[in-house]
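Keep in mind that what you see is a predicted model, and the values were worked out from it rather than measured.
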Amino acid sequence: MVENVFDAEVDLGTAESDWLSADWSIPGLHWSDVVTMVVVAPHPDDEVLGVGGLLSMAAAAGVDVRVVAVTDGDGSHPGSPTVSAEDLRALRPVESERALAELGIVQPPTRLQFTDGEVEKHEDALARALVPLLDATPGTWCLTPWRGDGHPDHEATARACLTAAAVVGIPVVEYPIWMWHWATPEHRAVPWSRSRRIDLPAHAVEAKRASIERFESQIRPLSDHPADRAVLPPHILTRFRRPFEVVFA
């Protein structure tokens with residue numbers, strides 16, 4: 001998720017009603033032949049926000065779901081009088097593991113511990129670190145944030161994933177996070193021709209919602225201090241509680 005790139009309380013972004021009124025008659029994502037999903041998250045919670053419903057369905061279907069956390073998300077509350085970066089480095093991975101358990105994923109994420117907010121500076125090193133984590137066998141997918149998402153950590157992670165996946169020869173599926181905030185249903189920068197829809201059954205919707213609730217440090221204020229406000233306030237979260245998800249394939 002965004003680490004203070006957008007001020008979510010000041011900039012409300014595109015209303016969810018605008019997205020829900022758009023034409024979502026797009027092709028579905030065909031994933032029935034997938035054996036392994038390697039889901040790369042720049043920060044703990046991106047994987048749940050972007051494709052938590054898909055991950056829940058995949059885990060239930062017996063797909064080997066592996067999560068890779070690029071950073072530990074310690075940059076979410078700079079200037080907080082309540083939590084330090086060290087506190088967040090300890091807290092957010094725990095929240096992530098609890099969230100993934102709600103989706104039926106018991107294998108803890110692989111944590112690469114790159115510096116939150118500085119992934120772009122280490123993009124080549126990240127690509128090298130990802131290569132051995134991507135299974136080159138048929139039926140393996142790499143899932144990453146969309147390369148044009150609007151957050152530098154997200155975009156650098158996407159480019160590193162594309163580089164690493166090309167080395168091992170597996171497909172990449174990109175999931176938007178902050179695109180839903182700044183874009184519009186007809187925005188020309190968005191690759192709508194590659195968009196694919198994932199309809200979520202009720203149990204996957206509920207699992208994703210329960211999973212999001214585990215990220216307490218992000219969805220609720222830590223105190224009344226301005227630096228402790230929720231990074232993911234309700235108007236942001238509503239975009240990730242839909243009965244469908246959209247990716248770029």
Side-chain angles (χ1 to χ4, degrees), residues 1-6 13-14 19 22 24 26-27 29-31 34 36-55 65-71 73 75 109-110 112 114-136 140-198 236 239-240 244-249:
M1 31 114 331
V2 72
E3 309 297 346
N4 296 290
V5 170
F6 302 106
T14 303
W19 290 113
W24 290 112
I26 58 178
L29 180 71
H30 299 293
W31 58 274
V34 177
T36 303
M37 287 185 181
V38 182
V39 189
V40 184
H43 316 98
D45 72 5
D46 287 322
E47 74 281 16
V48 172
L49 296 175
V51 285
L54 172 61
L55 300 187
V65 178
R66 307 173 188 175
V67 177
V68 178
V70 177
T71 79
T110 298
L112 301 182
F114 283 84
T115 302
D116 189 0
E118 297 184 4
V119 178
E120 188 174 16
K121 296 180 182 178
H122 308 285
E123 188 177 316
D124 292 342
L126 175 57
R128 290 193 297 270
L130 288 171
V131 169
L133 299 176
L134 300 180
D135 193 335
T140 299
W141 281 7
C142 175
L143 284 75
T144 180
W146 173 43
R147 72 193 78 174
D149 203 42
H151 187 300
D153 280 357
H154 291 203
E155 296 185 1
T157 295
R159 292 191 298 267
C161 284
L162 289 164
T163 298
V167 171
V168 299
I170 64 172
V172 175
V173 173
E174 300 169 76
Y175 55 89
I177 299 288
W178 286 97
M179 182 206 81
W180 302 115
H181 187 78
W182 58 261
T184 59
E186 297 181 359
H187 202 290
R188 292 186 177 183
V190 179
W192 296 117
S193 62
R194 294 198 293 119
S195 63
R196 298 293 182 269
R197 175 173 173 147
I198 306 154
I236 297 290
R239 301 172 186 143
F240 303 106
F244 65 93
E245 294 169 340
V246 176
V247 296
F248 301 123

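Considering all non-hydrogen atoms of both residues, D153 and E118 come closest at OD1-N, 3.5 Å. Among all heavy-atom pairs drawn from G50 and E245, the shortest one is O-CD, 3.7 Å. Taking both residues in full, the closest heavy atoms of S195 and V246 are given as CB-CG1, 4.1 Å, listed atom of the first, atom of the second, then distance. Taking both residues in full, the closest heavy atoms of W182 and G150 are given as NE1-CA, 4.0 Å, listed atom of the first, atom of the second, then distance. For the residue pair L49 and F240, the shortest heavy atom distance occurs at O-CD2, 3.1 Å.
Looking only at distances, no side-chain donor or acceptor of E47 sits under 3.5 Å from a matching main-chain atom of V40. A donor-acceptor pair under 3.5 Å is formed between the side chain of T14 and the backbone N or O of A183. Proximity of a side-chain donor or acceptor of T71 to a complementary backbone N or O of P42 within less than 3.5 Å is detected.
The structure places NE2 of H181 at 5.5 Å from CZ of R239, a figure rounded to the nearest 0.5 Å. Rounded to the nearest 0.5 angstrom, R197 CZ and L29 CG are separated by 12.5 Å. Rounded to the nearest 0.5 Å, atoms CE (M179) and OG1 (T184) are 9.5 Å apart.
Taking the centre of each ring, W146 and Y175 stay at or above the 6.0 Å mark.
In this structure, H43 and H154 have side chains that are in contact, with non-hydrogen atoms separated by less than 4.5 Å. A heavy-atom distance below 4.5 Å is found between the side chains of W178 and I236. Under the 4.5 Å side-chain criterion, counting only non-hydrogen atoms from C-beta, L55 is in contact with V39. Side-chain contact between V38 and W141: absent, with no pair of heavy atoms (C-beta onward) separated by less than 4.5 Å. No side-chain heavy atom of I177 sits less than 4.5 Å from a side-chain heavy atom of H151.
Evaluation of the side chain to side chain contact (heavy atoms under 4.5 Å, CB included) rule for A166 yields no partner, not counting sequence neighbours.
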If you look only at distance, which donor and acceptor atoms sit under 3.5 Å apart when one is on a side chain in residues 121-136 and the other is two or more places apart or in another chain?
| unit_1 | atom_1 | unit_2 | atom_2 | d |
| --- | --- | --- | --- | --- |
| E123 | OE1 | R159 | NE | 3.0 |
| E123 | OE1 | R159 | NH2 | 2.9 |
| E123 | OE2 | R159 | NE | 3.1 |
| D135 | OD1 | T137 | N | 2.9 |
| D135 | OD1 | T137 | OG1 | 2.9 |
| D135 | OD2 | T137 | OG1 | 3.4 |

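Of the candidates V167, V168, V172, I170 forms a side chain to side chain contact (heavy atoms under 4.5 Å, CB included) with just one, namely V168.
Applying the salt bridge (charged side-chain N to carboxylate O under 4.0 Å, His left out) test to residues at least two apart or on different chains, the pairs with a partner in residues 166-176 are R147-E174, E174-R194.
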Problem - T36 and V34: CA distance, side-chain angles, deciding distance, side chain to side chain contact (heavy atoms under 4.5 Å, CB included) verdict - result: CA-CA 6 Å; T36 303; V34 177; 5.7 Å; no

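A tilted orientation is assigned to the rings of W19 and W192, their planes being inclined by 30° to 60°.
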